[in-house]
Protein chains: 2
Amino acid sequence: MGVLEKVAARPRVAKAKPQAPLPLDTILMDDCIAAMKSLPAKSIDMIFADPPYNLQLGGDLARPDGSQVDAVTDDWDKFDSFAAYDTFTKAWLKEARRILKDNGSIWVIGSYHNIFRVGTAIQDTGFWILNDIVWRKANPMPNFRGTRFTNAHETLIWASMGEKAKYTFNYRSMKTLNDELQMRSDWEFPICGGPERLKKDGHKVHPTQKPEALLYRVMLAASKPGDVILDPFFGTGTTGAVAKRLGRHWIGIEREGNYVEAAQERIEAALPLDESQLKTMQANTKKPPRVAFGQLVENGYLAPGTMLTDTKRRWRAVVGADGSLTCDTVSGSIHKVGSTVQNAPSCNGWTFWHIESEGALQPIDTLRQTYLLATQP
Amino acid sequence: MGVLEKVAARPRVAKAKPQAPLPLDTILMDDCIAAMKSLPAKSIDMIFADPPYNLQLGGDLARPDGSQVDAVTDDWDKFDSFAAYDTFTKAWLKEARRILKDNGSIWVIGSYHNIFRVGTAIQDTGFWILNDIVWRKANPMPNFRGTRFTNAHETLIWASMGEKAKYTFNYRSMKTLNDELQMRSDWEFPICGGPERLKKDGHKVHPTQKPEALLYRVMLAASKPGDVILDPFFGTGTTGAVAKRLGRHWIGIEREGNYVEAAQERIEAALPLDESQLKTMQANTKKPPRVAFGQLVENGYLAPGTMLTDTKRRWRAVVGADGSLTCDTVSGSIHKVGSTVQNAPSCNGWTFWHIESEGALQPIDTLRQTYLLATQP
DNA sequence: GTGGCTTGTGAATCCAGAG
DNA sequence: ACTCTGGATTCACAAGCCA
């Protein structure tokens, strides 16, 4: 009999009960810590947790076109202080540790607002950090005001029960998934959108729904079929849906009724995985990396002060230390300066600008190729 | 006199002296905290710190009660170790905060072993995290045993002096450097190797020498020419070498004589960029002079009575002789009228309002550009 | 059908300066 | 401290519309 048949077809909702048998494939509609207390010690194989980030947002934020950004303003993300957040974090981590098996492991995701406090608490609770993983967002929200770097990633921490504890790591699966190269600690996925994003009346059901591809890789890496995976901040049930697809048991804890309802429907509709889905999910990463002109300068492929020109030597421009180009009074990116001097709406600076090399002109695009060859595996 | 000439050609080594003037372009051969204590308050523009990663710090370590730890003979558990590391971290961060200017900022780099504790301490010290940055290593060391993910990144934290504090961020430089796209929070660089890697007798001088490209981007992003940049864990002086190249002053603190010696030679050999290239970088960051709408009217670029409209011709407004705009009963600045008619909290009138020109609509911002080009030297 | 254009939107600690 | 105002700011995708 296959593993999948052991997973209940229809997700249940229950109130947490002390001393009950493990409520497999069930959503416990309750407070996260109270529900964990109802679970027996050393009963869970893996925990995936997406706790509140403790965002401390100021006023409203508008896009340059005037539209409003729909931010996270829910009550579940409100804490009075770092101290209050730390207390909360240590409390749920302590319960997490109690219910995890000795060879279990825990994953927690967060951003710079909370991840340092979470990581510290994980270490202080006695867990042993195995890796920190960076989820690079393919399509992050830009920084509208131009005041910081685009916040384009989130961080996951993966930890075992202790320095000497065993844990599951499916090394071969990860290597296969990554074209026979070891899986690295930086993963690129798009943010959750399209048909995967749960919506009701045209509005997103949950403000921070995670992409299934992310959970897929986490479970494939650190759990086995038939394992029990707990998500103490279940939300709309991404963890449950992926667990069902991958033949893992799951337990979700969620306080808010509308999230529970959405999660239930979603998991019920989830189908155990077939090959085609697997291929689709992983077929996203193979485009050649974009190279910015500034990288060539930063990495010494082109010295600041170098003179560039076009094929007909009509214009001469100097490379700046920041990857800018200056031609007469015009300064900016290679593309911008190219379009300005030609009075053209746009210009591909890579093919327009040339470098003198042994008497011959050569487009700077060849430098980019050289750089790509040198830096690609 | 240019900025560069103020930077001492030959790096000096000194013992930290209380009340001395700022020891620019000097390596202080001393304990990190003692040396920082010798520097005056609010005197540093930027700090870049690469503190020890592992928790076995030997002589640096003191227990929370202040007693010294002998890491060789003491058999302390990891909680003592974390506590000692936290004490050390908070101590140097406190001094860092004292000597930073109110509009300064701090960068700290670390890995999952220490970065969560550092990040927590940064927040607890009163700094305000602006971004966490991921350095993706193009060529990381593989995980030989196949027991975890390849540890392919390190994390930098960038923080200002407080939530409301000002700080330097050269948005335009970063955008230029990244081919006219906002710079993201994930940066890819190769690890330090090749001719850049300092070696002596065939062995690397320092185990964790950072690539210059990394420091280059950090300084280009968050400091200005002539700024004073402190590195309290100077090592072999990457911070100093890059600071010299970029026309920044630097101060390094390093206890070990062999590192100091290597850093000195290296910085002496580093070549600064010439004035023109630094000017280019500045030109990219300095904003063009503000042009009031009324100036366009005053100078005949736009006649009073001209009709303006938005892209979809939903509203029509008339230019007044005083540079005001009137749409129906609403009258005021181009921004105010734009926001009022749209019922929006704010509006950039320069891009919202358009003028009919040869049948096509054109934002009035192009008029401003024309005016700027005609009036700027 | 299809290709191009427009519109919408995502875990965001997102302004500066004058008065 | 506060308010007010001028004006500077966005990228990758998905979905929908139209020619």
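None of these values were measured; they are calculated from a predicted model. As a basis for the values below, the full set of heavy atoms in this structure was taken, side chains included, without hydrogen atoms, waters or symmetry mates. Quick note on labels: first sequence line is chain A, next is B, and so on, each numbered from 1.
- Salt-bridge annotation for B:Glu356 and B:Arg313: present, with a side-chain N of the basic residue lying under 4.0 Å from a carboxylate O of the acidic one.
- In terms of the side chain to side chain contact (heavy atoms under 4.5 Å, CB included) criterion, residue partners of A:Pro142 (sequence neighbours excluded) are, by chain and number, A:Phe144, B:Gln182.
- Looking at heavy-atom distances under 4.0 Å, B:Arg368 makes contact with sugar-phosphate atoms alone, never a base.
- Using a 4.0 Å cut-off between charged side-chain N and carboxylate O, A:Arg217 and A:Glu212 make no salt bridge.
- B:Ser333 comes within 4.0 angstrom of sugar-phosphate atoms only, judged by non-hydrogen atoms across all strands, and of no base.
- Between the CG atom of B:Asp365 and the C1' atom of D:dT9 there is a distance of 12 Å, given to the nearest Å.
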Pairs under 3.5 Å (N/O, protein and nucleotides 14-17 of chain D):
none

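- Salt bridge status for B:Arg368 with B:Asp365: present, with a side-chain N to carboxylate O gap under 4.0 Å.
- Under 4.0 angstrom from either OP1 or OP2 of D:dT9 there lies no side-chain N or O belonging to B:Lys175.
- Atoms CG (B:Asn131) and P (C:dC14) sit 11 Å apart, rounded to a whole Å.
- Using atom C1' as the reference point in both C:dG10 and D:dA8, the two lie 22 Å apart (nearest Å).
- Straight-line distance from the NZ atom of B:Lys164 to the C1' atom of C:dA16: 13 Å, rounded to whole Å.
- Between the CZ atom of B:Arg172 and the C1' atom of D:dA8 there is a distance of 12 Å, rounded to whole Å.
- Under the 3.5 Å distance criterion, the side-chain polar atoms of A:His203 are matched with a main-chain donor or acceptor of A:Asp201.
- Toward the 5′ end of DNA chain D lies the nearest nucleotide of A:Gly146, the other residue of the pair B:Leu181 and A:Gly146 mapping further downstream.
- Applying the side chain to side chain contact (heavy atoms under 4.5 Å, CB included) rule to B:Ser339 yields the partners B:Cys347; only residues at least two apart in sequence or on another chain are considered.
- Rounding to whole angstrom units, OH of residue B:Tyr171 and C1' of C:dC14 are separated by 11 Å.
- Taking atom C1' on both C:dA11 and D:dA15, the two are 23 Å apart, rounded to the nearest angstrom.
- Ring planes of A:Phe189 and A:Trp187: perpendicular class, angle over 60° (limits at 30 and 60°).
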(message) One pair to check against side chain to side chain contact (heavy atoms under 4.5 Å, CB included): A:Thr155 and A:Trp135. What are the steps and the verdict?
(response) CA-CA 6 Å; A:Thr155 301; A:Trp135 167 29; over 6 Å; no

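- A gap of 23 Å separates the P atoms of C:dC14 and D:dT5, to the nearest Å.
- Computed from coordinates, the B:Phe352 CZ to D:dA8 P distance equals 17 Å when rounded to whole Å.
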(message) Strictly under 4.0 angstrom, non-hydrogen atoms only: write out the protein contact profile of nucleotides 6-12 of chain C, one letter per nucleotide from the 5' end, B, S or -.
(response) -S-BBBB

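- For DNA chain D, runs of at least 3 consecutive pairs of the Watson-Crick or G-U wobble type, with both hydrogen-bonding distances under 3.5 angstrom, map to C:2-10 with D:11-19, C:15-19 with D:2-6.
- Residue-level contact check: B:Gln123 touches the bases, meaning some heavy atom is under 4.0 Å from a base atom.
- Whole-Å rounding puts the B:His335 NE2 to D:dT9 P distance at 13 Å.
- Atom-to-atom, CD1 of B:Ile334 to P of D:dT5 comes out at 15 Å; the value is rounded to the nearest Å.
- Under the ring-ring contact (aromatic ring centres under 6.0 Å, His included) criterion, B:Phe169 pairs with A:Phe149, B:Trp158, sequence neighbours left out.
- Although no hydrogens or angles enter the test, the distance criterion places a donor-acceptor pair under 3.5 Å between the side chain of A:Asp77 and the main chain of A:Leu55.
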(request) Decide yes or no on side chain to side chain contact (heavy atoms under 4.5 Å, CB included) for A:Leu156 and A:Val108, but give the supporting numbers first. (result) CA-CA 5 Å; A:Leu156 297 96; A:Val108 188; over 6 Å; no

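- Contact check on B:Asp124 versus A:Arg117 returns a salt bridge, with a Lys/Arg side-chain nitrogen under 4.0 Å from an Asp/Glu carboxylate oxygen.
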